[in-house]
Trainee: 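Got a structure for you, questions after.
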Amino acid sequence: MTQPVSPPRGATDKAPPAGPRPAWSTLVFRADVRTLSLLGVLAALVVIGGITKPDEFLDTRNLQLVLTQASVIGVVTVGMTFVITSGGIDLSVGAIVALASVWATTVATQEYGFGGILFTAVLVGVGCGLVNGLLIAYGGMVPFIATLAMLASARGLALQITDGRTQIVTVDGILDLGERDAYVFGVPPLVLVFAAVTVIGWLVLNRTTFGRRTVAVGGNAEAARLAGIDVRRQRLYLYLLSGLCCGIAAFLLIILSGSGQNTNGNLYELDAIAAAIIGGTLLSGGRGTITGSVLGVLIFTTITNLFALNNLQSDVQQIAKGAIIVAAVLVQRRTASTT
């Protein structure tokens with residue numbers, strides 16, 4: 001009869017120590033921390049506004065204004081998030097918004113009514129995105145140079161179309177959307193469009209093959225090519241998507257201002273890139289977050305609103321935005337170095 005074997009000296013019944021946390025779990029944890037941090041910053045700004053200007057900042061009309069202003073740049077930022085996730089950049093988004101807005105508000109275009117203005121704005125945006133995509137994906141141009149050239153060209157063409165004058169919209173269907181009577185349960189139509197674009201963008205980036213290919217191209221373009229992904233075609237699609245978002249944003253801006261101007265979209269590229277970066281989209285590509293980008297947009301829009309309510313100069317506002325961008329990039333580099 002065999003005797004039970006006693007455990008060796010020093011052995012215990014405790015389970016062995018757990019191994020290292022899986023990579024996916026670490027990424028989810030960091031994403032949660034980043035989102036909570038952004039929500040904390042946004043909440044802090046709301047508290048500051050409530051303390052410094054309680055009557056003005058917390059007024060329903062002002063909060064609606066903040067959301068409405070965030071909607072225009074927010075739609076642009078969704079497209080920018082895709083481009084940066086793929087390892088690219090688009091410096092022409094503001095100029096494309098300007099060109100689309102003035103082209104869609106010419107007298108000839110307004111004769112076709114609501115549909116003509118919407119179609120023209122989207123078509124111009126997609127057309128500019130097509131040019132950017134062809135130059136970068138198939139022309140071999142660096143995204144910085146190609147989109148910088150588009151920035152200059154689109155601004156110049158917008159100025160030529162308007163001759164420096166503001167084009168007033170006379171189509172009732174467009175003007176009516178900017179009135180309070182068009183609000184849905186107190187929510188402006190522009191905010192509803194922004195919400196729809198955000199949801200679609202999140203689903204595409206996180207739940208589709210297109211989104212996975214975008215991340216793969218940004219992480220390692222050569223590895224993506226060897227895996228069977230048509231990298232050039234994917235980049236073309238991404239700049240088309242960015243142009244589409246610019247066209248939608250131009251239409252929203254037309255509704256908001258009731259006009260088209262060659263100065264529309266000024267510094268939108270700065271705001272969109274900054275919002276995407278502080279939201280957690282990796283500037284070198286390979287990681288993107290629509291949720292973080294939207295929170296970044298809301299943070300910057302709230303800062304702009306606080307500066308305006310407290311009568312602070314716009315140059316100080318731009319300095320603050322630049323400092324936030326630098327801080328976000330430094331945090332990204334520190335995080336990347338520790339992984």
Side-chain angles (χ1 to χ4, degrees), residues 64-65 67-80 82 90 92-133 150 154-155 157-162 165-184 187-201 203-204 237-266 268 272 294 297:
Q64 290 173 336
L65 176 62
L67 292 176
T68 301
Q69 292 176 337
S71 299
V72 179
I73 185 61
V75 172
V76 175
T77 303
V78 170
M80 182 69 77
F82 277 89
D90 192 347
S92 64
V93 290
I96 295 175
V97 169
L99 179 59
S101 68
V102 300
W103 206 322
T105 54
T106 59
V107 175
T109 303
Q110 292 193 49
E111 291 179 354
Y112 293 94
F114 184 98
I117 294 177
L118 173 60
F119 177 78
T120 302
V122 172
L123 182 62
V124 172
V126 172
C128 291
L130 175 63
V131 174
N132 281 336
M150 176 59 71
R155 283 288 178 194
L157 184 56
L159 178 61
Q160 186 178 46
I161 292 175
T162 62
R165 293 190 293 267
T166 300
Q167 298 178 161
I168 305 299
V169 176
T170 58
V171 178
D172 292 335
I174 298 292
L175 300 176
D176 291 342
L177 288 177
E179 300 295 332
R180 295 187 62 83
D181 293 340
Y183 289 9
V184 180
V187 180
L190 277 69
V191 178
L192 296 176
V193 174
F194 175 38
V197 172
T198 298
V199 171
I200 294 172
L203 291 174
V204 171
Y237 289 162
L238 288 167
Y239 282 96
L240 282 172
L241 177 60
S242 180
L244 172 63
C245 289
C246 289
I248 296 173
F251 181 71
L252 298 182
L253 192 57
I254 292 171
I255 296 174
L256 182 62
S257 63
S259 64
Q261 305 176 52
N262 66 285
T263 56
N264 282 342
N266 188 35
Y268 272 20
V294 170
V297 169

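Worth knowing before you read on, the calculation uses all heavy atoms, side chains too, and leaves out hydrogens, waters and symmetry mates.
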Trainee: Is there side-chain contact between C245 and V76, with heavy atoms separated by less than 4.5 Å?
Mentor: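 In short, these two side chains do not touch, never coming nearer than 4.5 Å.
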Trainee: From T68 OG1 over to L190 CG, what is the distance, rounded to the nearest 0.5 angstrom?
Mentor: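 Here the interatomic distance stands at 6.0 Å.
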Trainee: Does atom CZ of F119 have more than 12 heavy-atom neighbours from other groups under 6.0 Å away?
Mentor: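 No, not enclosed.
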Trainee: Can any side-chain N or O of S101 pair as donor or acceptor with the backbone N or O of A98 at less than 3.5 Å?
Mentor: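 Pair found, side chain donor or acceptor close to backbone of A98.
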Trainee: Grab the two heavy atoms, one from A249 and one from V72, that are nearest each other, plus how far apart they are.
Mentor: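 Heavy atoms only, the tightest pair is CB-O, 3.5 Å.
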Trainee: Flag the pair V131 / Y239 as yes when at least one side-chain heavy-atom distance between them is below 4.5 Å, and no otherwise.
Mentor: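 A side-chain contact under 4.5 Å is absent here.
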Trainee: Let me confirm one number: the CG-CH2 distance from L123 to W103, rounded to the nearest 0.5 Å.
Mentor: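 Rounded to the nearest 0.5 Å, the CG-CH2 separation comes to 8.5 Å.
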Trainee: Is the shortest side-chain heavy-atom distance between T105 and Q110 below 4.5 Å?
Mentor: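 Result yes, sub-4.5 Å side-chain heavy-atom pair found.
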Trainee: Within this structure, what is the CG-CG distance for the pair L130 and L244, rounded to the nearest 0.5 Å?
Mentor: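 So the gap between those two atoms works out to 12.5 Å.
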Trainee: Check R155 against N264 and note the closest heavy-atom contact, atom names and distance.
Mentor: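 Reported closest heavy-atom pair: NH1-O, 2.9 Å.
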Trainee: Do the non-hydrogen side-chain atoms of F251 and V193 ever get within less than 4.5 Å of each other?
Mentor: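 In short, these two side chains do not touch, never coming nearer than 4.5 Å.
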Trainee: Between Y268 and I96, is any pair of side-chain heavy atoms under 4.5 Å apart?
Mentor: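 Result no, sub-4.5 Å side-chain heavy-atom pair not found.
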Trainee: Within a strict 4.5 Å, meaning less than it, do heavy atoms of the I117 and Y112 side chains meet?
Mentor: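 Not in contact.
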Trainee: Got a second to check how far D172's CG is from E179's CD, nearest 0.5 Å?
Mentor: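 Between atom CG of D172 and atom CD of E179 there are 10.5 Å.
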Trainee: Once you round to the nearest 0.5 Å, how far does CG of N262 lie from CZ of R165?
Mentor: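 Taking CG in N262 and CZ in R165, the distance rounds to 11.0 Å.
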Trainee: If you look at every heavy atom in S259 and T166, which pair is closest and at what distance?
Mentor: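 Minimum heavy-atom separation between S259 and T166: CB-CG2, 3.6 Å.
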Trainee: Q64 side chain to P188 main-chain N or O, any donor-acceptor pair under 3.5 Å?
Mentor: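 Not a single qualifying donor-acceptor pair exists.
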Trainee: How would you list, by chain and number, every residue that makes a side-chain hydrogen bond (donor to acceptor under 3.5 Å, both in side chains) with T106, sequence neighbours excluded?
Mentor: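 With neighbours one apart ignored, the set is T109.
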Trainee: Partners of L67 by side chain to side chain contact (heavy atoms under 4.5 Å, CB included), sequence neighbours excluded?
Mentor: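 L67: side chain to side chain contact (heavy atoms under 4.5 Å, CB included) contacts with V191, L298.
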Trainee: With rounding to the nearest 0.5 angstrom, report the CG to CZ distance, L177 to F114.
Mentor: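 These two atoms lie 5.0 Å from each other.
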Trainee: Are a donor atom and an acceptor atom from the side chains of Q167 and T162 found within less than 3.5 Å of each other?
Mentor: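 Not at all, the side chains of Q167 and T162 share no donor-acceptor pair under 3.5 Å.
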Trainee: May I have the step-by-step check of side chain to side chain donor-acceptor pair (under 3.5 Å) for N132 and S242, ending in yes or no?
Mentor: CA-CA 10 Å; N132 281 336; S242 180; over 6 Å; no
Trainee: Can you see which heavy atom on A182 is nearest to which on P189, and at what distance?
Mentor: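 Smallest interatomic distance, heavy atoms only, reads O-CG, 3.5 Å.
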